[in-house]
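Just so it is clear, the values below take in all heavy atoms, side chains as well, and ignore hydrogens, waters and symmetry mates. In what follows, residues are counted from 1 in the order of the sequence shown. Each ligand, and each atom within it, is numbered from 1 in the order the structure gives.
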Amino acid sequence: MAFYSRVSGSVGMITLQNPPVNALSAAVRQGIVDTMHRALSEPEVKSVVICGQNGKFCGGADIREFGAKMTGPPLVPMVHLIEAASKPVVAAIEGIALGGGLELALSCHYRIAHSKARLGFPEVALGLLPGAGGTQRLPRLIGVPASLDLITTGRQVTAAEARQLGIVDEVTDLNAVDAAVKFAQSVADKSLDARRISTYPCPRPPDLDTIFERAMQQVRRSARGAIAPGTCVQAVHAAVTLPYAKGMERERELFSVLFNSGQARALQYYFFAQRAVSRWSTASGARWDTSKPRPVHKAAVIGLGTMGRGITVSLAQAGFSVVAVETQEKQLLEAKQAVSGMLERGAKRRGVPLAHDKIKYSCSVQAVADVDLVIEAVFEDMALKKTIFQQLSAICKPGALLCTNTSGLDIDELASQTQSPELVVGMHFFAPAHVMQLLEVVYGPRSCPEAVATAMQMGKKMGKVSVAVGNCRGFVGNRMLKLYLEQAFFLLEEGATPEQVDQVLEEFGFPMGVFKVSDLSGLDIGWKVRKADGLVLPAFTGTSARIRGGSRYSPLGDLLCEQGRFGQKTGKGWYQYDKPGGRVAKPDPWLFGFLEDYRAQHGLVARRIDHQEVLERCLYPLINEGFQILQDGIAAGPEDIDVIYVLGYGWPRHRGGPMFYASQVGLDKVVERLEHYQQIHPDVPGLQPCRLLRKLAAISNPAIHKWREVIQKPRSQL
Ligand SMILES: C[C@H](O)[C@H](C)C(=O)SCCNC(=O)CCNC(=O)[C@H](O)C(C)(C)COP(=O)([O-])OP(=O)([O-])OC[C@H]1O[C@@H](n2cnc3c(N)ncnc32)[C@H](O)[C@@H]1OP(=O)([O-])[O-]
């Protein structure tokens, strides 16, 4: 709602009240309309101030209302009521003015912002565009190029930049509401003719067409199939080419196209999913709201390879004191240099002080005796990690948490090397660890709730999105990825090419296809894991060469590795590069010959494989494994899996994540297609729809937010 009061005798104060961000819910919109009419009707009131409760102006439209039938006064007439007011209306912007919140401020005649406020149009991140006049008023106020930048990127600007752009009239370090009241009194008698932005002519820079062409090319390049950015450009174009009223009609048309698109639903689902994962729970019933994190002031990182260096930087940037340990003197010096460089670049980029002094380097594990938490990030070898956990258990102070950055080894096996297995959890960072936002917090059967809570909180303090998952081979992300990679290899055996498979996945929205990603991360990484799993056997021909444990197996990746084709790092992999370390993937004629010989040796006949089959065979087994993970209780809900795939594996955000995508395709359709492929490939267990997927498909595709009810049923009832 919106609360009305009178201040300083002649100023009507309208305070938005809808915690936590004063979103423009139906009740708030009704409140604004009612209080505006009251302020305009009271003769003593000469001017009006609109502000938000709790130091936040307004976070925009209430996203929670998007899924429901619209009630209350619509936004557009509300902003028109304010702009048309006969008394000056001043927006007092504290904290945030985002989306509909900024449109509300633009409908006011003046805007006063606190120096710490942030303003912006993030609608594009929700698959929408500013639909309450933002695309028509902003260009009239600050011009076309700046408007295109803010509206197509959704980036937030500081109050200082907003002043410089001309969005706000004043910036204050004092209380912005008090400043707005004084300002409102000072303009009480001023004419408003020149303060109604919708009446402004829209500037037409001479190279207008070039500006829009460039903007459209830019968004097409970065959108990867998302439709909102391009539609935002169209809406701003209407501001230049149409009179205000017509422009508003065009904005409304374009808005409803987006609002009713699957992409907007996916992005809104993802908005809440990324917030839901912080409300974690484990299979044993530990929960975010009943588990108290332990205080961590000093942390340590063991092993300063690529991951260890990134984790050290991320800890120092988050303000933790860090002990960085690398037993080899030479590697320690190299790591120190690399970490310093990353800290300097990070400090420059973020405009914050350097965190060099936060880190103490040592060659001795003894140096971690007094830390609160250790993150082991050594080479992915179980025997080596076990030794280190034995050492840490003996050296560290009682109560210290022992964490491992393993990307898939058994957490509980490591915990069994210590005296306090309840204090062992996985903290699986993603490369580069100081950049990637995702953190898989892996709890074992003996990890105590405090240990999970502490690791989850550490992630948040490091600016990560932490997702709590159970202990199993590959955890959630890599476990599902195995099915995706497996099918990609099978498709090559049956006639596809790496370019064809990658093109389908990139058109779907992935930044890179599976074979380009494999070349980037190095084919030898997966090869080592397959060797550890006993899957890599000496090359030989005949059917059993492609069978492991009774299931189909493709040795294609192994054969490339045996020839030293590890990808970018060797200049050759599934593609060729101009030199080792090269980044530009080019089709490699050698590989075509290799695949033809391979098929001939194994009696395989290449066939034409269409786009849809490539997509379904790469994504549906991955999704099916996601349901298996939910069934096993390794992930608590679909949101956990979707956030992991969007932030850690490049799943296009405008597709919501693998589980949300399955709900949009239709679970019965996913089951039907899996069964179709399983009939053709009975030796591929990953094509067998799991019980939970069948169950949900059978109860007519319940909405994704209803899945948890079914999942939480005892497994026997699934
Ligand atoms: C016509 C018009 O043009 C169109 C159509 C629109 O206007 S579309 C809407 C445009 N507005 C946005 O895109 C802004 C979205 N919000 C944010 O970017 C951030 O929230 C934040 C404002 C920068 C605060 O960040 P935070 O880190 O301090 O806290 P939080 O954890 O993120 O959020 C705290 C709690 O507030 C909830 N919340 C935040 N913004 C919300 C919103 N606009 N509607 C409903 N709930 C919202 C959020 O789910 C969480 O709930 P819970 O999980 O605790 O239950």
Q) Between Phe271 and Arg275, is there a cation-pi geometry (under 6.0 Å to ring centre, at most 45° from the normal)? A)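 Yes, Arg275 and Phe271 form such a contact.
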Q: Is it possible for you to check whether Arg655 lies under 6.0 Å from the centre of the six-membered ring of Phe508, through NZ or CZ, and within 45° of that ring's axis?
A: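 Verdict for Phe508: a cation-pi partner in Arg655.
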Would one find an N or O of [X], backbone or side chain, under 3.5 Å from an N or O of ligand 1?
| X | result |
| --- | --- |
| Gly100 | yes |
| Gly131 | yes |
| Pro122 | no |
| Arg118 | no |

Interfacing atoms of ligand 1 (cut-off 4.0 Å, heavy-atom, [X]):
| X | value |
| --- | --- |
| Phe272 | 49 (O) |
| Gly60 | 7 (O) |
| Leu126 | 8 (S), 9 (C), 13 (O) |
| Pro130 | 3 (O) |
| Glu103 | 1 (C), 2 (C), 3 (O) |
| Leu75 | 1 (C) |

For [Y], does its backbone N or O pair with a side-chain atom of [X] as donor and acceptor, under 3.5 Å?
| X | Y | value |
| --- | --- | --- |
| Tyr244 | Tyr200 | no |
| Arg111 | Ile93 | no |
| Ser291 | Trp288 | no |

Is [atom] in close reach of the protein, with a heavy atom under 4.0 Å away?
| atom | answer |
| --- | --- |
| atom 7 (O) of ligand 1 | yes |
| atom 27 (O) of ligand 1 | no |
| atom 52 (P) of ligand 1 | yes |

Q. Does a donor on one side chain sit under 3.5 Å from an acceptor on the other, for Gln218 and Arg221?
A.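 Side-chain D/A pair, Gln218 to Arg221: present.
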Between [X] and ligand 1, which residue portion shows a heavy-atom distance shorter than 4.0 Å: side chain, backbone, both, or neither?
| X | value |
| --- | --- |
| Phe66 | side chain |
| Ala61 | both |
| Val21 | side chain |
| Leu24 | neither |
| Phe271 | side chain |

(Q) Listing request: all salt bridge (Lys or Arg N to Asp or Glu O under 4.0 Å) pairs with a residue in residues 48-68, at least two apart in sequence or in separate chains. (A)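 For residues 48-68, and leaving out neighbouring residues, the salt bridge (Lys or Arg N to Asp or Glu O under 4.0 Å) pairs sorted by first residue read Arg29-Glu65, Asp62-Arg64.
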Q) Considering only heavy atoms, which of Leu98, Ile63, Asn18 lies nearest to atom 23 (C) of ligand 1? A) Leu98
Q) Any idea which of Gln274, Arg279, Arg275 brings a heavy atom closest to atom 55 (O) of ligand 1? A)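 Heavy atom nearest to atom 55 (O) of ligand 1 belongs to Arg279.
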Q.
Angle between ring planes, Phe259 versus Phe255, binned at 30° and 60°: parallel, tilted or perpendicular?
A. parallel
Side-chain polar contacts of residues 173-180 - donor-acceptor pairs under 3.5 angstrom, sequence neighbours left out - could you list them?
residue: Asp173; atom: OD1; partner: Ser115; partner atom: OG; Å: 2.6
residue: Asn175; atom: OD1; partner: Val177; partner atom: N; Å: 2.7
residue: Asn175; atom: OD1; partner: Asp178; partner atom: N; Å: 2.8

Quick test: of every protein heavy atom, which one is nearest to [atom], and how far off is it to 0.1 Å?
| atom | answer |
| --- | --- |
| atom 36 (O) of ligand 1 | Pro20 CG, 3.2 Å |
| atom 22 (C) of ligand 1 | Ile96 CD1, 3.7 Å |
| atom 45 (C) of ligand 1 | Asp62 OD1, 3.2 Å |
| atom 11 (N) of ligand 1 | Gly59 O, 2.9 Å |

Q. Below 4.0 angstrom, N of the basic side chain to O of the carboxylate: do Arg250 and Glu253 qualify?
A.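 Between Glu253 and Arg250 there is a salt bridge, with a charged N closer than 4.0 Å to a carboxylate O.
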Q) Under a 4.0 Å N-O cut-off, is there an ion pair linking Glu639 with Arg708? A) yes
Q) Taking the six-membered ring where the residue is Trp, are the ring centres of Trp707 and Phe660 under 6.0 Å apart? A)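 Centroid separation for Trp707 and Phe660: 6.0 Å or greater.
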Q) Would the Phe510 and Tyr649 ring centres measure less than 6.0 Å apart? A) no
(Q) So, taking the atom named CG in Leu16 and the one named CZ in Phe3, what distance separates them when rounded to the nearest 0.5 Å? (A)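 With rounding to 0.5 Å, CG (Leu16) is 12.5 Å from CZ (Phe3).
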